[in-house]
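I have placed the structure first, in the form of structure tokens, so that the comments after it can refer back to it.
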Amino acid sequence: MSAPAAPLVIAIDGPAAAGKGTLARRLAAHLGLPYLDTGLLYRAVGRRVLDAGGDPADAAVATAAALALPPADMDRADLRTPEAALAASAVAAVPGVRAALLEFQRSFGRTRGAVLDGRDIGTVVFPEAQVKFFVTASAEARAKRRWLELQAAGTPLPLAQVEAETRRRDEQDAARATAPMKPAPDAVLLDTTALDAEAAFAAAIAQLRARLAAIPGAAP
Ligand code: CDP
């Protein structure tokens, strides 16, 4: 008798504004899987530290905020701001913060399967995920997308500022010692520079089918 197939986990990692969230949401809806935007966890921790007047890079302060994070904070309306993004990147470099948030992410996907997006899903949170994507796009394309998102949200910023902040965050995320942003060795690389959301989804579905076809009993 063969062992029961593990629930399907899809890991989506990559730099800022590469299109991870849009792709992850669409894949989750298509496959009927729960979706977790893990960046929101780090944004919520960063926001808490800023609210208290603390320094997001202070390891003790950031770790205490992560350990005490109320789940309702994930629903705050002010997590998508550039200020929250930079604070998130600072707290995300603190090993105690990452450790405090790890079990929540793992238990989210363990029972029913899930699509999770972030920076270390395929490398640290779910190294056993059946399908992993590392979604990228040129720095210019990503900054332009975030710039348009901010405009649509009614909080416009100069493109040069968005570009500089995106670059700074990517450098910080890739250079940190704990769980740096990098493709898992078995990740599918998906460059969305020339792809709209529809084309990125189609490319991901084709890769997903190919991956799952190679795993006995895993086809959805
Ligand atoms: O939406 P965007 O790609 O700009 O960022 P996000 O996914 O919301 O993540 C915000 C920040 O949280 C990132 O810059 C990382 O520093 C951190 N993060 C992380 O370290 N690990 C994750 N799994 C998810 C986010």
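When a ligand or atom number is given, it counts from 1 through the structure's own listing order. The first residue of the sequence shown is numbered 1, and numbering continues consecutively from there.
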Only heavy atoms of [X], strictly under 4.0 Å: list the atoms of ligand 1 that pass.
X	result
A17	3 (O), 4 (O)
A16	3 (O), 4 (O)
R146	1 (O), 2 (P), 4 (O)
G39	6 (P), 7 (O), 8 (O), 9 (O), 24 (C), 25 (C)

Can you pull out the closest protein heavy atom to [atom]? Residue, atom name and distance to 0.1 Å, please.
atom	answer
atom 8 (O) of ligand 1	R43 NE, 2.6 Å
atom 17 (C) of ligand 1	A92 CB, 3.7 Å
atom 14 (O) of ligand 1	D173 OD2, 2.6 Å
atom 3 (O) of ligand 1	K20 NZ, 2.8 Å

Would you check whether [X] has a nitrogen or oxygen atom less than 3.5 angstrom from a nitrogen or oxygen atom of ligand 1?
X	result
R169	yes
R98	yes
T38	yes
Y42	no

side-chain hydrogen bond (donor to acceptor under 3.5 Å, both in side chains), paired with E165, selected from Q161, R167, R168: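 Going through Q161, R167, R168 one by one, the side-chain hydrogen bond (donor to acceptor under 3.5 Å, both in side chains) with E165 is satisfied by Q161 alone.
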
Matching residue for R142 among T136, D170, T193 - test: side-chain hydrogen bond (donor to acceptor under 3.5 Å, both in side chains):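 Exactly one option meets the side-chain hydrogen bond (donor to acceptor under 3.5 Å, both in side chains) with R142, and it is D170.
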
Between [Y] and [X], is there a salt bridge with N-O shorter than 4.0 Å?
X	Y	value
D73	R47	no
R110	E128	no
R146	E149	yes
K144	E163	no

Residues forming a side chain to side chain donor-acceptor pair (under 3.5 Å) with Q151, sequence neighbours excluded: none

Validation row: K132, R211 side chains within 4.5 angstrom (heavy atoms): no

Nearest candidate to atom 5 (O) of ligand 1, where distance is taken over non-hydrogen atoms, out of Q172, R119, R80: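 Minimum heavy-atom distance to atom 5 (O) of ligand 1 goes to R119.
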
Option set D13, L86, D120, V97, criterion heavy-atom distance to atom 23 (N) of ligand 1, minimum: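 The option holding the nearest heavy atom is D120.
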
Worked check of side-chain contact (heavy atoms from CB on, under 4.5 Å) between V162 and L150: CA-CA 9 Å; V162 177; L150 289 167; 3.9 Å; yes

Donor-acceptor pair, side chain of T123 and main chain of A179, under 3.5 angstrom: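 It does not hold such a pair.
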
Ligand 1-proximal atoms of R142, by part, heavy-atom distance under 4.0 Å: neither

